[in-house]
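To start, the structure under review is shown below, and the notes come after it.
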Amino acid sequence: MKARVTIYPRPEVLDPQGKAVHQALTRVGFDGVNSVRVGKSFDIELKTRSQPLAMKQLEAMCDKLLANRVMEVYEIEILGKAGK
Amino acid sequence: MKARVTIYPRPEVLDPQGKAVHQALTRVGFDGVNSVRVGKSFDIELKTRSQPLAMKQLEAMCDKLLANRVMEVYEIEILGKAGK
Amino acid sequence: MKCGVVVFPGSNCDHDVYHVLKHLLNVETVFLWHDDADLKGSDLVVLPGGFSYGDYLRAGAMAGLSPIVDEVRRHAEAGGLVLGICNGFQILLEMGLLPGAMRRNLGQRFLCRDVHLEVVRDDLAFTSQYSVGQILRMPVAHAEGNYFDTPKNLDALEKNRQVVFRYCDPGGGPDDPNGSERGIAGICNRDGNVFGLMPHPERCSEELLGNVDGLALFSSVMKSAAAAMEVEA
Amino acid sequence: MSRAAEPTVDLAAAEAQGLTQEEFENLCHILGRDPNHTELGIASALWSEHCSYKSSKAYLREFPTQGAHVLQGPGENAGVVELGHGWVAVFKMESHNHPSYIEPYQGAATGVGGILRDIFTMGARPIALMNALRFGSIDAPRMRHLVDGVVRGIGDYGNCMGVPTIGGETDFHPSFNGNILVNAFALGVARRDSILRARASGPGNPILYVGSRTGRDGIHGATMASESFDADSEEKLPTVQVGDPFTEKILLEACLQALKSGAVVALQDMGAAGLTSSSFEMASRGRTGLVLNLDKVPRREPGLTPWEIMLSESQERMVLVAQRGKEDVLRHVFERWGLEVETIGEVTATGRAVIRDQGKVVADLPIRPLTDGAPVYRRPALEPAGLAERQTKAKVPDPGDPAKALTKMLDTPELGSKSWIWQQYDHTVRTNTVRGPGGDAAVVALKGTPLGIAMTCDVNPVYCYLDPRTGAMQAVAEAVRNLACVGAEPLGVSDCLNFGNPENPEVSWQFRESVRGISEACRALDVPVISGNVSFYNETEGESIHPTPAISMAGVLPDLTNLPATGFVEAKDQVILLGVDHGEHGGSAYMRLLHGVEQGLPPAVDLAAEGSLAALLRYLAFDGALRSAHDVSTGGLGVALAEACFEHGLGADLKLPVDPVGFFSETQARAVISVTPKAVDGVLAEAERRGVPALVVGAVGGDSLKLNLDGTKSKIQVAELHSVWSTALPRALEL
Ligand SMILES: Nc1ncnc2c1ncn2[C@@H]1O[C@H](COP(=O)(O)OP(=O)(O)O)[C@@H](O)[C@H]1O
Ligand SMILES: [Mg+2]
C-alpha cells in the first residue's frame with residue numbers, strides 16, 4: 001500500500017518560506033501568482049494491504065512524528081494498493 | 001486556479017531525509033513501513049483561470065526555479081478553479 | 001550536585017557544555033546516552049545543541065522520541081532541572097515539555113552571530129545571577145529558531161511569566177534576528193524548572209572567547225543547587 | 001550477472017573511459033592480456049588525472065616538503081605537523097569544482113564531507129573548516145543561484161557536523177563564469193602518537209566496509225573531474241552525490257572511538273573513484289594485496305554491477321583494515337552508533353587485487369604497477385600568446401576624491417564584507433574560536449594547552465594570470481603575512497592548484513610557473529608543503545579559468561594572551577605603517593574594479609622583505625606591543641585602513657606618504673599596525689633593527705577616517721563607509 005502524506009503550516013501561521021518562493025517567482029518574471037505555501041510531502045510504502053489499517057497507521061505516524069500539531073496540518077492520500 | 005506541485009528526489013538519488021524518517025518510524029514502533037521518500041510540496045494559487053495556461057506556467061516554474069532537474073522530478077496537480 | 005549532558009546521535013555542543021560544567025565550574029558531570037533510559041542520578045539534565053538525527057524532519061522532532069526522553073520527562077515532572085540549549089530547546093518543544101514550536105528563521109538562512117538579550121526573569125534557578133532588565137550578549141547559531149505559538153497561547157505564556165529572555169538591540173530596544181513571536185529567545189515551564197533557549201551560553205563562558213555573559217546561567221544553577229542542599233541539611 | 005553480457009573491451013571502450021591509446025596498450029602490457037570490462041573501469045579510474053596526478057606529479061616534486069615540524073608530508077590523506085605539547089595538526093585543502101557547478105548545494109556540501117573524512121581517517125578530530133570560493137561575475141547566468149547553493153551547501157554540512165567554519169576567501173571574476181571554484185579546507189588535531197596512516201598491512205587482516213550503502217552516485221566522477229565542460233556535459237551527468245552530514249557525524253564519532261580500541265590497522269575514506277582508489281591506495285602504500293567480495297558490499301539499490309560497485313562515489317563510506325580477531329570490538333562500536341559494518345575482504349601478500357562477485361573473480365589486477373606505475377607526463381609548456389602585451393604597464397587614472405573612490409571600491413561584491421556568507425556558517429561551535437571570520441587569519445584555541453592554531457587561505461588569480469610565478473609567490477607571502485598579523489608562526493602549506501586543461505601548452509606553462517613560484521616562496525619563507533590537491537580541466541568551451549593556485553596555511557601561536565586585533569581598538573593609539581609603497585597597479589583592484597583594466601605586471605614579491613615583516617609582526621605580537629595588525633593586500637592601503645576602522649567603528653586621522661593613486665597601490669610586504677603611544681619608540685626601534693621600514697602616520701580616534709595623501713585631503717564617516725561595505729554583497733545578490 002502506497003500513500004502520500006502532505007504537511008502544511010496551519011493557514012494562520014505565517015509561512016516565510018512560501019513568501020520567499022513567491023518573491024523569487026515574481027523576480028524571475030512569474031507575475032501571475034497570487035500566493036505560495038510550502039509544505040512537506042512523504043511517500044510512504046506500507047506493508048499492509050488494508051486501506052483502513054493504513055489510514056490508522058498513517059494518522060498515528062503524523063500525530064507522533066511527521067507533523068507538529070502546534071503549527072502544522074496534514075492530509076493523507078492512499079495512492080494505490082501495490083507498491084506501484 | 002489552485003495547484004499543487006510535488007517535488008521528489010529522483011529514485012536513484014540518495015534521500016537521507018527519507019532514510020532518517022524511516023528509521024525513526026521503525027524506532028518508535030511503526031514496523032509496517034517498507035520505505036519513505038521525502039519531498040516538497042507547493043500549493044500555488046494562480047491568477048489565470050485557464051487550466052492549460054496554468055499547466056504551462058507551473059511547468060515553467062518547476063523547470064526554472066522550484067525543482068532542480070539534475071536530481072529532482074516533479075508532479076503538477078490542478079486542485080480547483082476557485083481558490084478553494 | 002551532578003549534571004548529565006544528553007548525547008543524541010548528531011549532538012554537537014555536548015562537549016562544549018560538558019567543558020563549562022566540568023572544567024570551568026568543577027561540577028561532577030557525565031554524558032547520558034540517548035539509548036539508555038538512565039539519568040545516572042543527575043540533578044541538572046542538559047539537552048545540548050547540535051543536529052540530533054540531522055534535524056532531517058524538523059529540528060528536534062526525532063530526538064523527542066528517544067528512549068532517554070521519557071526519563072527526562074519524569075525528571076522534569078518531579079521538579080528536577082532541565083536545560084535545553086538550541087537544539088535542546090527545540091527538543092523540549094517537540095517533547096511538549098515547553099509550549100510552542102520553531103519555524104525556519106525569517107531570513108530562511110542559518111544565522112551565526114552575536115545577539116543581545118534582555119533578562120526578563122531573574123528568579124529562576126537558571127537566572128538568579130542575572131538581574132531583570134540586564135542586557136546580555138550571546139552567540140546564536142541556528143536555522144530554526146523562529147519561535148511560534150498562537151496569540152492566545154503567547155498571551156498565556158506572558159501572563160504566566162514564562163518568557164525568560166527576549167531578543168533586543170545592544171541598547172535594549174526591540175530586535176528580532178530570526179522572526180520569533182514577541183522576540184522570544186528563551187522560555188520556561190510554569191514551575192520554572194525546565195528552561196529552553198536558542199542562544200548558546202556555553203559559547204560565552206570564558207575570557208579567552210572574549211565574552212563571559214553566559215557563565216552566570218550555569219553558575220546560577222550551581223548556586224541554587226547549593227542553596228537547596230543547605231535547606232535540606 | 002553473466003560475463004557474456006559485459007560490454008566488449010577494445011580501444012574504443014578504453015577511450016570512452018578516458019584512456020589514451022598508449023595508456024591502453026600499456027595496461028594490456030602490464031596485465032599480459034586484455035583487461036575485462038571491470039578491470040578497464042578500475043584502471044581508467046586509477047589512471048584518471050584526478051587519481052593519478054599524471055600531468056602534475058613530475059612538477060609537484062619541486063615542492064619543499066621537509067621541515068622540523070613535519071611529521072607527514074604529501075602522500076597520505078592529509079599532512080601532519082607538530083604543534084607542541086604532544087599535539088599535531090592534520091590538514092588539507094581539496095577542490096570540488098565540477099560537481100559544484102552542476103549542483104551547487106550538493107557539490108559544495110559533499111566537498112566539505114570529503115575533506116573532513118580526509119582528516120579523520122588520519123585519526124584526528126576535525127576542529128576547523130575554511131573554504132575558498134571563486135565565482136564569476138555576479139550578473140553572469142546562474143551565478144546568484146550558484147552563490148546561494150554553494151554557501152548553503154557548505155554551511156549545512158559543516159554546521160551539522162559541528163565543525164566551525166572559521167575562514168575562507170570569496171572572489172568574483174568573469175574568468176569563472178563557466179567554471180566556479182569551490183575549495184574546501186579542514187584541519188584536525190590529534191595526539192602525536194595516535195596518528196594513523198592508511199596502509200593496508202598484515203596479510204590475513206580483514207577489510208571492513210563502514211557507513212552509507214553504495215548506490216550509483218557519481219559514477220565516473222573522477223573521470224568527469226578530468227575532463228572539460230562542454231555543451232554535451234549535461235548528457236554525461238552521473239547521479240548526483242547527495243551529502244548526508246548526519247551519517248558523516250556519526251561516522252566521525254564512531255571512527256574516532258574505534259581507533260581508541262587499538263584494533264584498527266588503517267582507515268581510508270572512499271572519495272573519488274570510491275572503492276577502487278581507496279582499496280588500491282591502501283594496499284599500494286602497505287605494499288600488500290587484497291581480496292574483495294563485492295557480494296558483501298551494502299547496497300542501496302538492486303542490480304549494481306561489479307563495475308558500478310567499484311566506481312561508485314556514494315558519500316560517507318569508509319574502508320577499514322582491522323586487526324585479525326578484533327573485528328567484533330569494532331563491529332560493536334559501529335553498531336552502537338547505528339552504522340552499517342560489513343567484512344568485505346582481507347589483506348593478502350600477493351600484491352594483487354582480486355575482486356570477487358558471486359563466487360567468480362571479476363577482476364584480478366596487480367596493484368603497484370597500476371598505482372606507482374601510473375603514467376607520468378611532462379606536458380609541453382608554452383608561454384601564453386600575448387603575455388608581453390598583457391604585462392605592459394597601463395596608465396593609472398587619478399581617482400579624484402580618494403574617499404569617494406574608496407567608497408566605490410568597497411561597494412562591490414569583490415571588496416565588500418563577506419559576512420553575508422560566513423554568518424551562514426557556524427563559526428563558534430566547539431568553543432575554541434578566538435578569531436573567527438573577518439580578520440586576516442582565524443585562530444582557534446587548543447584546549448588543555450596555552451596554544452593557538454591560526455589558519456588562512458589566499459591567492460589572487462588576477463596576479464597569477466598576469467604572471468603565474470609571481471602570483472603564486474604572492475599567495476604564499478600573503479598567507480605568511482596573514483598568519484603573522486595574529487602572531488602565528490607558519491607550520492605548513494596545503495595547496496589547491498586550480499587550472500585549465502593541462503594538454504593546452506599555455507595552461508601547462510601556467511601550472512609549471514605557479515609550482516615554481518610556490519616552491520621558491522615556501523623555501524625562502526621556510527614553510528613546507530605538506531598536502532594538496534590539483535584540479536585541472538577548469539574550462540568551458542575552451543576558455544580557461546585564471547590560474548588559481550590557492551594556498552592554505554596553518555600556524556601555531558605559543559600562547560593567546562596578547563592576540564592582536566585586526567582593527568583599531570582604542571582612541572589615541574598610534575598608527576604605524578610597515579613597509580613602503582612602490583606604486584604598483586598591475587592587476588590591482590583599483591584598476592580592475594573602477595577602470596576595468598587588468599594589465600601590467602603584478603606587484604613584485606620581495607621574499608626577504610616579507611620574511612622580515614612577518615618576523616617583526618610575530619615578535620611584536622608575542623611581546624604584547626601590537627594592539628592591532630592588518631596587512632595591506634587587495635585594494636591597497638585604502639581598503640586596509642577602512643577595514644581597520646570597521647572592527648570597532650573607530651576613525652583615524654592620518655597623513656600618509658602616498659598620493660591618491662598610491663593609496664590604492666598593491667605593493668606587497670606591508671601592514672598597518674596600531675600601538676599604544678607609549679609603545680611607539682620601542683616598536684620603531686625593533687623595526688629598524690630588523691630592517692623593516694616603519695612610519696608613524698597618525699592616531700586612532702573620532703568617527704571618521706581623515707586622510708592627508710601627499711597634500712590631498714579627504715574625509716569620510718566610518719559609519720557611512722561601513723554601511724556601504726557591509727551591505728555590498730547582499731545588494732549585489734539582490735537579496
Ligand atoms: N567563503 C568564506 N568563508 C568564510 N570566511 C570567509 C569567506 N570569504 C571570506 N571570508 C572571510 O572574510 C575575511 C576577508 O577575506 P579576505 O579579504 O580574503 O581576507 P585577506 O585579504 O586578509 O586574506 C577573512 O577573514 C575571511 O576569512
Ligand atoms: Mg589579510
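Letters A, B, ... mirror the listed sequences (proteins, then strands); counts begin at 1.
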**OP:** Could you give me the CA-CA distance, side-chain angles and deciding distance for A:Val70 and A:Val13, then say whether side-chain contact (heavy atoms from CB on, under 4.5 Å) is met?
**Re:** CA-CA 10 Å; A:Val70 176; A:Val13 176; over 6 Å; no
Subject >> Max heavy-atom pair count under 4.5 Å with chain A, selected residue of B:Leu53, B:Asn34, B:Asp43 >> reply: B:Asp43
Original post:
Taking every heavy-atom pair that is under 4.5 Å apart, which of B:Ala54, B:Ser41, B:Gly18, B:Gly29 has the most such pairs with chain A?
Top reply: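 Heavy-atom pairs under 4.5 Å are most numerous for B:Ser41.
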**OP:** Return yes when atom NZ of B:Lys56 has more than 12 non-hydrogen atoms of other residues, nucleotides or ligands closer than 6.0 Å, and no otherwise.
**Re:**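 Not more than 12 within 6.0 Å, no.
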**OP:** For B:Lys64, look at atom NZ and say whether over 12 heavy atoms of other residues, nucleotides or ligands are found less than 6.0 Å away.
**Re:** no
Contacting region of [X] [heavy-atom separation from chain A under 4.5 Å]:
X	result
B:Ala60	both
B:Ser35	both
B:Leu66	side chain
B:Phe42	both
B:Lys40	both
B:Leu65	side chain

**OP:** Evaluate the side-chain contact (heavy atoms from CB on, under 4.5 Å) criterion for residues A:Leu46 and A:Met61: first the C-alpha distance (whole Å), next the side-chain angles of each, then the deciding distance (0.1 Å), finally the verdict.
**Re:** CA-CA 12 Å; A:Leu46 295 171; A:Met61 287 177 200; 3.8 Å; yes
Original post:
Considering all heavy atoms of both residues, which atom of A:Thr48 and which atom of A:Met1 are nearest to each other, and what is their separation?
Top reply: O-CB, 3.0 Å
Subject >> Heavy-atom pairs under 4.5 Å with chain B, option from A:Gln17, A:His22, A:Arg37 with the top count >> reply: A:Arg37
Original post:
If you measure from NZ on B:Lys2 to CD on B:Glu45, what distance do you get to the nearest 0.5 Å?
Top reply: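 It is 6.0 Å, given to the nearest 0.5 Å.
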Original post:
Going from CD1 on B:Ile7 to CZ on B:Arg69, what distance comes out if it is rounded to the nearest 0.5 angstrom?
Top reply: 9.5 Å
